> 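Have a look at this one.
Letters A, B, ... are given to chains in the order of the sequence lines, protein chains preceding strands, and every chain is numbered from 1. Below, all heavy atoms of this structure are taken into account, side chains as well, without hydrogens, waters or symmetry copies. From a predicted model like this one, the values you see are computed outputs, not experimental measurements.
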Amino acid sequence: MIPSKFDYVKPASVADAVAALEQGGEDAKILAGGHSLIPVLRLRLAAPTLLVDLGGIAELRGIREDGDRVTIGAMTTYYDVLRDDLVKEHVTLLAQATETVADGQVRHRGTLGGSLAHADPAGDLGAVALALDAELTIAGPGGTRTVPASEFFEGLFTTVIGETEILTQISFPRYTGWGSHYEKFNRTAQAWSMCAVAAAIRVDGGTIAEARVGLTNMGATPIRARGVEQALVGQPATADAVRAAAEHATEGTAAPSDADAASDYREHLAKVLTGRAVMAAAG
Amino acid sequence: MAEVRVTVDGVNYTDDVEPRTLLVHHLRERLGKTGTLVGCDTSNCGACTVHLNGQSVKSCTVLAVQADGAEVTTIEGIARDGQLHPVQEAFNEFHALQCGYCTPGMIMQAIDLLGDNPDPDEREVREGIEGNLCRCTGYQNIVRAVQGAAQKMKPGAPADTETPVGVAGGGE
Amino acid sequence: MTATAEPTTNEIGKARTRKEDARLITGRSRYTDAITPQGTLHIFVVRSPLAHAKITGIDKSAAESAPGVIGVYTAADLGVEAVGLPNAWPITPDQKSPQRPVLASSTVHFAGEGVAVVVARSAAHARDAADLVEVDYNPLEPVLDMEAAAADGATLVHPDLGTNQSATWVFDSAGAGTGGSVDDAISAAESDADSIVVRRRFRQQRLIPAFMEPRACVVDPTGEQMTIYSATQIPHILRTMTTVVLGVPESKLRVVAPDVGGGFGGKVGVLPEEMLCVVLAQKLRRPVKWTETRSESLLAAHHGRDQIQDITITAKKDGTVTGLDVKLLADMGAYLGLVGPGVPILGAFMFNAIYKIPAYKFTCTNVFTTKTLTDAYRGAGRPEATFAIERIMDELAVELGRDPMELREQNWIKHEEFPFTTVCGLTYDTGNYEQATQQAMELFDYAGLRREQEQRRASGDPVQLGIGISTFTEMCGLAPSRVLGSLSYGAGGWEAAGIRMLATGKVEVITGTSPHGQGLETAFSQIVADQLGVPFEDVEILHGDTQVAPKGLDTYGSRSLAVGGIALVKAAEKVVAKAKKIAAHLLEASEDDIEFSNGTFSVRGTDKGKAIQEIAFAAFMAHDYPEGMEPSLDSDAVYDPENFSFPHGTHLAAVEIDTETGRVELRKYVCVDDIGTVINPLIVEGQVHGGLAQGIAQALFEEANYDDQGTLVNGTFVDYTLPSAADLPSFDTRAVSTPSTSNPLGVKGVGEAGTIASTPAIVNGVIDALRHLGVAEVEMPCTSQRVWRAIQDAKGRSTQETPIDTHSPGAGLGSIDPNNPQGEVQ
């Protein structure tokens, strides 16, 4: 169907984009990959008067080594993320989760930054960013600031990005040599995650030395399963130990209820999937 | 209105379009490329799949203005000199279509898939076309066709588009 | 394999690739939305967001002055307040049938019903202006639960009818004289220690046909005949019904169904939007076009199934079934569709299925609710029947401690008992259940899988294995006209065909069926090529345009081949008969001495002969032909079948259930179908695959639910979850054949078989995997949540209700609250 009318600008720099947002006011929206926004516009669930397309800003695309981190431009597509050698080697969990997002066509257009900024609780990459302690750089009229993922998500579809700000890059520490797995559970292959668990584990001599676990769609924002992490560390990477640790998966969650899963079922899934994700990550 | 220049199936077009115009509507209604179809409004069905600068995209979820300067290949542009693309041939040979409505998108996605993975197994084909819904075939013959086409396609198969021919203000 | 042995059988049975593919794989297709005559105006229908409400005011002024708008109209503005869309199947003489308006005038009866229409120069203009139409509603109580709606004191959907019950239709074998009394069978079984009574309630969830091409219509009033292009399965019926509804003389209407992107029954309808386009094209004297969006289609195009089935079966403890009682409630939605009330009735004759059941009673009450109306969806009545009988046979087997296949075999009609007249009075002409079953069991490795199942049960494997059986039959080829008449169906069941022998030897074939993906252009070419002995490539099939194929009853109910295909044979026989006369004349022989074979008329015992193409040319030239006949080979035929045909098959499913999450994985699916003579095995296989996918989708994936306000929860493809390729396995499908004796080709029909058979096979498999855990029932679709909950319930653990009617707070579009868009959407 046909969206409402809007104006469209395609700035060539972040500064121009910020300026466009300032001019556009509260009815301006950022167009990244468009794969959440354009369907919403087509269904007329939103009617912005101005779209600021970030697709013309070359500096927002690409993946680079950044000291001991891997830094990804916000407008880097899923496709480019999941095929990137740096990501595959050092931020494997991100590549694994990205591969489960939507479908091939969507992954050609959708962007990592767009996904995180959209902050759909069922989106797959928030839990990864959170679990892996990503840092997100946000540019605005007053310059840039960097926030840790743990402070980035505020609520349902809301982040700390201000109305005239733009997410420019996402930076991950290296998890070289860690085991990782994204365990996704959905109704059909096309469907969004009913619940999913992102796990990265460093095993040292059969013992879990470090653990990072993030949960998708277990609350209004992605959730870091710190209780699970703490319970895992120092434990042997065995099914029993992992299962026991996974019982902590629902701590701090506020599982929604919908047609696919009432909250009790989601909570149950979170535990089961956490166990599976960690076991798979531990190899 | 914004000026949009696109090369579609080897022909250059320059048109003024409303920013809200979806690429698929631009293709169908302005440029007359009605071979690309619309099946949903939520980017699920994939009937509108075309190649944008060599990558499969759902043209219902791309604005025409976003495609400014791009090269688009549709189902109408993959046969060469009257010779069907191997994926087109395979869809016929393996009875991979019934009503035909998902077919243009399915073929365009299959070509993209084979570009990334020239010899996919059944699971890889099924996951590679998961963004394209078909209501007629149960997918089985589509999977066979994609795998059959993979066998026919040798490395170094010709690229998607022919040399562009300029047609200013094409369509209307 | 043909019963008419005369022409060769070169083509029938050959796996021809399809003719129609050439245009469809190159984008040279022509679906309705590609048709936009010069000057076309576009409409957008303003729809009610409420399920049940009084319209208290409509302010069109802002919309009328919006850019590009030609007009904004209500029913009153168009003078169509009294117009009612047709219901062609009054199942009882006292059926309650409300007027189904083109646009609601005073009250809306479902969310999605049209209340006004915007006409504009472009689709975008029309869409923009629609947002400016202000409609004031006074909400009324929605009526959502069919059981409550049928009860006394319920809020009435149509108060003037005095009830929400549209009709109750009964078949009783005792009354019909085709069997005994079920009431007697039940009371006898209840009082007999050597008998058993099993009662179950099954739910057929509401489904959406979800053809891939959204519906569209273009009405062009220029020229002498008004042309209606529509994405319809039924161009001929649409033409006649447009006359009935709007009074446009039938002779002034031409209906074209161009390439149509699937239907599955969902495009059997006479649509309010089609009628609006006609009325507006007449009024504005410009072509008028409507193309629906997917979300409109899911909301307002008719839905399918939606029944509550109360089934009682009685049997001797030795396994012999003695009676079957079926009580149905069927949700019609807000109005009666074209054939909607008859859909459950089509199932009435199939609950007894392949079994010898001595006493049978079927009672169905059709009920109104404030939901989208229901009508035909692939299988129409027969999937519901097959599901119920195949599920209850499994339940009976469990109650008796018998292997479910063995119990079926004990009760089914043996191959030597055909033709067999059933408890419904239908005569099954041919079939061989033993043959199909034996082959299926071997392919499936039934015994091996049962062993594996035992092992997994014994070891407490978290992944349990279930084996699901469905030994189905169905009735195809709707239908003998007299039978339809006895059911008060508003049309016959014949089909028309014509063959034109062109001067240059090519053959134009006209069929009154209206294919939309079935591959009939190919299959019919094969039939005609064989009948006339002409090359397959020389046959052109013309259809879907009432000026080209003036007579027909279109495509639904697996009737195209079993009725339309036979009409072709009859027309070809006439062509050959005429040609034979001319051949005899030209060859100077007696007609009795002329033999026809492989396209050549020859004089018996000589080498003299003429090809049918030569005869066609001679007829065209007309310089020399017998006296007393017309110089033409062209022939028409109308075929009215004498009986239905009865395909059958054995379907076996192996499902794995992850008992920790409830996820169901279909591991293996084998089916052996007996569909009689196969014209084209490639096309048959494709029909079975697609049918299976739809039936499996009912079992596992799809449901259309409403929230407590009567709003459709599954309003986009995000929420109405069609399976993708990644959700389905490959199937092992085979065909066996006992040719039908009811028609000269021996064909039976295959369009719906897969859908009808597969749903119970899957659900039986799901239950079979969980039975030992104490699970006796899982409602469809058997989602992971339902399965998990069933396991918890069986363990005595209380869980929450499954909130099927809740919009998703997360997950993409379901997550966007239209009244409160939040967050930075990128």
Side-chain angles (χ1 to χ4, degrees), chain A residues 1-2 4-5 29-34 36-37 39-46 48 54 103 111 113-115 117-123 155-159 161 163 167 185-194 216-217 220 256-265 268-269 272-273 276, chain C residues 122-128 131 292-296 658 660-663 700-701 703 705 713-719 721-727 781 783-785 788-789 792 798-818 821-826:
Chain A
M1 202 42 224
I2 304 158
S4 302
K5 287 189 186 186
K29 275 212 184 289
I30 293 170
L31 175 64
S36 294
L37 178 59
V40 164
L41 298 180
R42 293 177 73 192
L43 295 171
R44 299 205 175 198
L45 298 173
L54 303 187
D103 54 59
T111 63
S115 168
H118 183 40
D120 187 323
L156 203 60
F157 300 103
T158 49
T159 69
I161 302 172
E163 275 184 5
L167 175 63
F185 197 86
N186 48 13
R187 177 157 172 167
T188 57
Q190 284 202 344
W192 293 64
S193 287
M194 215 182 279
T216 298
N217 214 6
S257 277
D258 62 24
D260 285 331
S263 55
D264 64 339
Y265 178 54
H268 169 77
L269 281 179
V272 173
L273 302 179
R276 291 180 183 184
Chain C
S122 73
H125 285 131
R127 177 67 188 83
D128 289 345
D131 283 345
E292 72 179 353
T293 63
R294 175 59 58 186
S295 41
E296 279 182 288
D658 178 342
E660 291 180 353
T661 62
R663 182 184 286 284
L700 296 180
F701 301 115
E703 61 186 323
N705 293 309
V713 175
N714 321 83
T716 71
F717 273 167
V718 173
D719 304 300
T721 43
L722 301 187
S724 75
D727 299 301
T783 60
S784 57
Q785 176 171 226
W788 177 78
R789 238 171 254 296
Q792 303 312 306
S798 74
T799 63
Q800 296 175 16
E801 287 290 303
T802 301
I804 53 166
D805 57 351
T806 310
H807 301 263
S808 302
L813 295 157
S815 59
I816 311 290
D817 179 349
Q822 310 170 60
E824 197 59 19
V825 181
Q826 288 197 1

> Who are the salt bridge (charged side-chain N to carboxylate O under 4.0 Å, His left out) partners of C:Arg663, not counting sequence neighbours?
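For C:Arg663, no residue satisfies salt bridge (charged side-chain N to carboxylate O under 4.0 Å, His left out) once neighbours in sequence are set aside.
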> Among C:Leu700, C:Thr293, C:Asp131, C:Thr661, which residue forms the greatest number of heavy-atom pairs with chain A at distances under 4.5 Å?
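When all of C:Leu700, C:Thr293, C:Asp131, C:Thr661 are compared, C:Thr661 has the most.
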> In Å, rounded to the nearest 0.5 Å, how long is the span from CZ of A:Arg44 to CZ of C:Arg127?
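Those atoms lie 4.0 Å apart.
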> Side chain from CB out, backbone as N, CA, C, O: work out which of these in C:Ala725 comes under 4.5 Å of a heavy atom of chain A, or both, or neither.
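It is neither, since no heavy atom gets under 4.5 Å.
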> Look up atom CZ in C:Phe717 and atom OG1 in A:Thr188, then write down how far apart they are to the nearest 0.5 Å.
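If we round to the nearest 0.5 Å, C:Phe717:CZ and A:Thr188:OG1 are 11.5 Å apart.
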> For residues C:Arg294 and A:Leu43, determine if any side-chain heavy atom of one lies less than 4.5 Å from a side-chain heavy atom of the other.
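No, side chains not in contact.
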> Is A:Asp103 close to chain C through its backbone or its side chain, or both, or neither, when contacts mean heavy atoms under 4.5 Å?
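Neither part, no heavy atoms under 4.5 Å.
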> Any sub-3.5 Å donor-acceptor pair from C:Gln785's side-chain atoms to A:Ala259's backbone N or O?
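Flag set: sc C:Gln785 to bb A:Ala259 pair under 3.5 Å.
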> Would you call C:Thr783 and A:Met194 a side-chain contact if the rule is heavy atoms closer than 4.5 Å?
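A side-chain contact is absent here, since even the closest heavy-atom pair is not under 4.5 Å.
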> In terms of heavy-atom proximity below 4.5 Å to chain A, should C:Ser295 be classed as side chain, backbone, both, or neither?
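For C:Ser295, the contact with chain A is made by the side chain alone.
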> So, A:Arg187 and C:Asp727, do they make that salt bridge, N to O below 4.0 Å?
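A salt bridge is absent here (no side-chain N lies under 4.0 Å from a carboxylate O).
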> Residues in side chain to side chain contact (heavy atoms under 4.5 Å, CB included) with A:Ser263, at least two apart?
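For A:Ser263, the residues satisfying side chain to side chain contact (heavy atoms under 4.5 Å, CB included) (neighbours in sequence not counted) are A:Ala255, A:Ser257, C:Gln800.
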